[in-house]
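Below is one structure, written out as structure tokens; comments come after it.
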Amino acid sequence: MYALPPVYDFRTVEEEVRRFWAERGIPKKFLELNRGGPIFSFLEGPPTVNGYMHVGHVRGRVCKDVVLRFATMQGFWVWRRAGWDCQGLPTELEVERILGIRTKKDVEAIGMERFVEEANRLVDHYIQHWRKDSETLGLWLDYDTAYETRNERYMEHIWYLLKRAYENGDLIVSNKVVPFCPRCETPLSSHEVSLGYEEVEDYSLYVKFPIESMPGTYAVIWTTTPWTLPANEAVAVNPEETYVEVATGKGNLLIAEKLLDRVAAETGLGQVSVVRRLSGSELVGLRYSHPLAEEVGIHADHAPPAHTIVEAEFVSMEEGTGLVHIAPGHGPEDFELGKRLGLPAPCPISTTGVFTEEAGAFAGKNHREAAEDVIAALERKGLLLHKGKVVHTYPLCWRCQTPLVYLLSRQWFLRVDRIKRLMLEENSRVRWIPAWAGSARFREWLENAEDWCISRTKVWGTPLNVWTCESCGARRVVGSKAEIERDAIEKPQPLRMHRPWIDMVVFRCDRCGGLMRREPFVLDTWLDSGVAHFASVDYLSNPSLFERLFPYDFITEAIDQTRGWFYTLLFTSVLLFGKAPYKTVLTQSHVLDREGKKMSKSRGNVIWASDAFRELGVDNVRLYLLTKAQVWETMNFDPEEIRVVRSDLNVLWNVVSFAKTYFDLDRYDPEREGYDAYERFAEPEDRWIVSRVNSLIRSVTSSLERYELTDAVRALLRFATEDLSRKYIRAVRRRFWDEKRTPKKIAAYAATHYVLTRYLTVLSVFAPHIAEYLYQRIRSPSMPESVCLTRWPKVEEHRIDPDLEDAMEVADDVISSSLAARQKAGYKLRWPVARLIISPKSARAKDAVIRLLDYIARMTNSLRVEVLDVGQEPREAVKDLEPVLRSLGPAAGKRLNEVISALRSLRPMEVIESLESEGEYVLRLPDGTLFTLTQEHVQVVTRLPEWLREHEGRFARVYVDLKEDESVKALSAVNEVIRRVQVLRKELNLEVTELVDCRVYVDDSGWVEALKTLSEHFEEETRSRLEILGAPPRPEENDAVREWEVGGKRLVVGLKRTVGRGS
RNA sequence: GGGCCCGUAGCUCAGCCUGGCGGAGCGCCCGGCUGAUAACCGGGAGGUCGUGGGUUCGAAUCCCACCGGGCCCA
């Protein structure tokens, strides 16, 4: 038979449960549940498989698991195909590390074939780890049919999408300023750029731009990148700010007022005098002569708005002069501004960082070296106001430390303007949790969305499916691999869709007969995962499956996917189907380390999932991640705090262990002795816990339906510790101990079994391992073989009794108060009190107390319970008066002491009654004078006799009567002996049911009498035959003998096993 | 600079939507229990509800401004 180990050890539990699941094939059966029933469709956000799973990932995967288990148990056929995001920069970088590649040329040398092969191998490796960790976690997705973004069939869906987009005019080629490493000759993604910021020293240049209409006046700009000046096309000001024209020895200068002092100090202008103040908008439109007009010929052709002052709200007063040099070919912001204003956007620097012919006098030189020439030219013309140095952060190539250069280049985009409105509309129909993630955050992102740049200059990715004719520029967007097989005039054998093979495919141009070659880009990986809604189910072959799943009921990822997956899914879905691809989105926030710092490999503070599972326990980690904070709030992961949930689970463990022990002892049969059959024997606490568990199921169900996972788990754990363990088990313990198989005892078993089966079912959604383990211990043959295969429990409304639940709350309050009153008097719980007096504070409280009178008596160890009327005091309470010196003192003056003693000599009730009816009472003092006492001079207090202790609770005031009559004394004495016998039994490791002989010696005749009178009670409690001795029992005649000093009495107890009795 | 989130006991968090006695767990202190025992139970101390203003009979809660932390965007 199963026996429960004494403490909850997650290692053995989880190992055993995993083995059980594997042997019985439970996960497979679970995935098959409800096939053919109503569908709940989930779309897995594919983890990027370029590293291992850490606890941050675990949080998201636990959310997925909880929702999917819940849906399954509710009877849905759940669609939950796993998926893996296989391509992308991080993988490419790791391949480069493995192969020792540093530049683009190295890739060519080693061969792209080799490169891609290595990438595939890496992806295989990580997928294997992710699957293993996910399974250990208990996240049962359909891994066998998992979608992978590197699969050709998957990539064909992207091609299909882009072909459609191209036909509709949504796929366009356009220019964009991107960061380049001139040494590696490659553009860098924003992610790569953020890797490489460093503090560097650069020139700090102040340059004068002569204003044409105001000879002798100059706009002053500040720059640290002189190599961008040849491409200058405008100077921007902030229209809201104030500018000044100041007269200096170097001409009249235009500078922002707020920055004047700083600029004057840095450039050594000395004294300056303000000629006039102008608003930024007044400057707009002024033409200037390009400071390098003579050196850079192209500027001769540039007409306004080129070479004028323009306005831009991004001009800040934080640094520089408040006038910003604009080079549309070298800055993303500049380019956007230029596009809006219609500025030319020359980019006279090549991808190797060398000035081109367009740069005129500077052509042929590296842009950094040519900077000196630029400075020299400005100096010669008197346009350099100041040349200094500055240390600032600037992006370097993370590979080779070369400073980056921003260059205009040709990229492919998906247009957003046509679908933006529909995306916003569709978004408003999506249910976001929490709501602000969608209504505020995501909406804001959508409103500001710009065309999506999807082209990347990389190797390991989905290739862009656009072929361009070398001769006439005609384009062909290919929709499938089959199209290549059919139409290409050159293609490798076998044909593979990845680079480099795809680059070998050539078409003949329909229009001119020329050769069409592929645009050499791969695609942004966000497009890979962003088509999962239809690519993951192979829409192209199986549209009917797609129709059944789409739009998906549920997705969940971290909040950073607002601009990532949440966006790209919506984008492609609206583009293709005009509809949001998901109905409900649960957003999570990030998991940080104990101190609230981001987990990162370089900091060394990452907690890997597999380590956490092994060292902290899967269920513990799951519950911890769910309970500590709402999932959409960031949480700090502190392994120390795990013990809180572990201790909660241990309490549950003890409950089941306790129940299991007695179920086995009595061969309890839940099939025949269920709660239905025994409800009529149930005590109030049984009905209460049954009501409570139904209320719990109702609230957990509702929380889960609202995706408030944290609330659900908190309520669940609270029930186990508060309701089930602290209240219920404590209340029924004595019934469980009953030797006889009474209906009342079986009713308690039935209630416990009823509660546990339901509770464990609900728990299995959150902590499947321990739930399964405990479920197996109390499972009866007609129950499903695994807790994971059970149905979500139905709330049995007729068993919810809100009045009883309320009444129990009152009873608990009374019990606590009585314990507190005992404590004040140092009166132990094992000593019964003669009388418990309850003065309820309300009629409801009174009803409650009366309803649960017997329960209260049992739990407080009271021989009798008296319930008073609302607000009534016990008859032993005596009213008295206390002088209030603060008011009485000033009124009585010197006579104070006499007034007080006069007051004391009176019957308090007489004075109180007079004060109540007359509002005053006249005192006659010894010297014959009178003193008029009013209500504010005295305070009415209640005095209790010594033996009556009170405590005020929320619902009632409670008094315990500590007068020890004979029966109380006797019971107290016997209970003291019983307790010590139990200690001895335990030391002898006796079975709970084993009978013993018990020899007791005590040198107090009162105790001896008590033992004789209560011998039956004693024998029942201790499972023994009592023998009272006139002398201490001798060790040689007993299995154990112990001596105590109890309340001044000498007590010696001996125990002897009874051979052949008990078992 | 803009958007969003957070700020409540030493720590971790409820309460806020819908205004009405400021809460829980952990930790700490004191005590109890001993047939769930590597458990369990009771009591206690501990608060400028980030700050300031407003609305209101009444504000942790609603409104405004500010401060601090975080995420995203620029």
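First the proteins, then the strands, lettered A, B, ... as listed; each starts at 1.
- Nucleic acid contact for A:V655: base, since at least one base atom lies under 4.0 Å from a heavy atom of the residue.
- Separating the C1' atom of B:A9 from that of B:C26 is a span of 12 Å, rounded to the nearest Å.
- Of the listed nucleotides (B:C73, B:A36, B:G43), B:A36 has the atom at the smallest distance from the side chain of A:W737.
- To the nearest angstrom, C1' of B:C72 lies 11 Å from NE2 of A:H590.
- Atom CD1 of A:I729 is separated from atom C1' of B:A36 by 8 Å (rounded to the nearest Å).
- Of the P atoms belonging to B:G27 and B:C66, the separation is 42 Å, rounded to the nearest Å.
- Under 3.5 Å, the side chain of A:T661 and the base of B:A36 form no donor-acceptor pair of N or O atoms.
- The nucleotide whose nearest atom lies closest to any side-chain atom of A:V7 is, among B:A38, B:G2, B:C73, B:A38.
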Summary of protein contacts for nucleotides 5-20 of chain B, nucleotide by nucleotide, where a base hit scores B, a sugar-phosphate-only hit scores S (4.0 Å, heavy atoms)
SS-----SSS------
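- Residue whose closest nucleotide on RNA chain B sits further toward the 5' end, between A:L665 and A:S817: A:L665.
- As rounded to whole Å, 8 Å separates atom P of B:U34 from atom CD of A:E976.
- Nucleotides B:G43 and B:U55 have their C1' atoms positioned 42 Å apart, rounded to a whole Å.
- A donor-acceptor pair under 3.5 Å is absent between the side-chain atoms of A:R985 and the main chain of A:V981, judged by distance alone.
- The P atoms of B:A60 and B:C49 are separated by 8 Å, rounded to the nearest whole Å.
- Listed by chain and number, the residues in a side-chain contact (heavy atoms from CB on, under 4.5 Å) with A:K727 are A:W688, A:D723, A:D812 (sequence neighbours excluded).
- When rounded to the nearest whole Å, the span between CZ of A:F10 and P of B:A38 equals 19 Å.
- Taking the C1' atoms as reference points, B:C28 lies 39 Å from B:A65, given to the whole Å.
- A:N620 places a side-chain heavy atom less than 4.5 Å from the side chain of A:F10.
- Here A:H951 pairs with nothing under the ring-ring contact (aromatic ring centres under 6.0 Å, His included) rule; sequence neighbours left out.
- Candidate nucleotides B:A36, B:G42, B:G2 were compared by shortest atom distance to the side chain of A:R733, and B:A36 ranks first.
- Pair assignment for B:C16 gives none, since no Watson-Crick or G-U wobble pairing has each distance under 3.5 Å.
- Regarding A:W445, its CH2 atom lies at a distance of 13 Å from the C1' atom of B:C71, rounded to whole Å.
- What separates NZ of A:K727 from P of B:C40 is a distance of 16 Å, to the nearest Å.
- To the nearest whole angstrom, the two P atoms, one in B:U18 and one in B:C5, are 15 Å apart.
- Atom-to-atom, CZ of A:R777 to C1' of B:A36 comes out at 17 Å; the value is rounded to the nearest Å.
- Residues forming a ring-ring contact (aromatic ring centres under 6.0 Å, His included) with A:Y728 (at least two apart in sequence, or on another chain): none.
- Remark: A:F571 engages A:W452, A:Y567 in a ring-ring contact (aromatic ring centres under 6.0 Å, His included) (not counting sequence neighbours).
- With sequence neighbours excluded, no residue forms a salt bridge (Lys or Arg N to Asp or Glu O under 4.0 Å) with A:D648.
- With hydrogens and angles disregarded, no donor-acceptor distance shorter than 3.5 Å links the side chain of A:S862 to the backbone of A:R858.
- Taking the P atoms as reference points, B:C33 lies 38 Å from B:A14, given to the whole Å.
- A cation-pi arrangement is present between A:R777 and A:Y773, with the terminal nitrogen or guanidinium carbon under 6.0 Å from the aromatic centre and inside a 45° cone about the axis.
- The distance from atom CG of A:D648 to atom C1' of B:A36 is 16 Å, rounded to the nearest whole Å.
- With C1' as the reference atom, B:U34 and B:C17 are 48 Å apart, rounded to whole Å.
- Considering only residues two or more places apart in sequence or on other chains, A:Y959 meets the ring-ring contact (aromatic ring centres under 6.0 Å, His included) condition with none of them.
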Could you write out each protein N or O paired with an N or O of nucleotides 21-26 of chain B at a distance under 3.5 Å?
| residue | atom | partner | partner atom | Å |
| --- | --- | --- | --- | --- |
| B:A24 | O2' | A:R718 | NH1 | 3.3 |

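- The side chain of A:S816 lies closest to B:G42 when the candidates are B:G42, B:A74, B:C71.
- Residues A:E444 and A:Y662 each lie close to RNA chain B; by heavy-atom proximity, the contact nearer the 5' end of the strand is made by A:E444.
- Every salt bridge (Lys or Arg N to Asp or Glu O under 4.0 Å) that A:R980 has, sequence neighbours left out, goes to A:E976.
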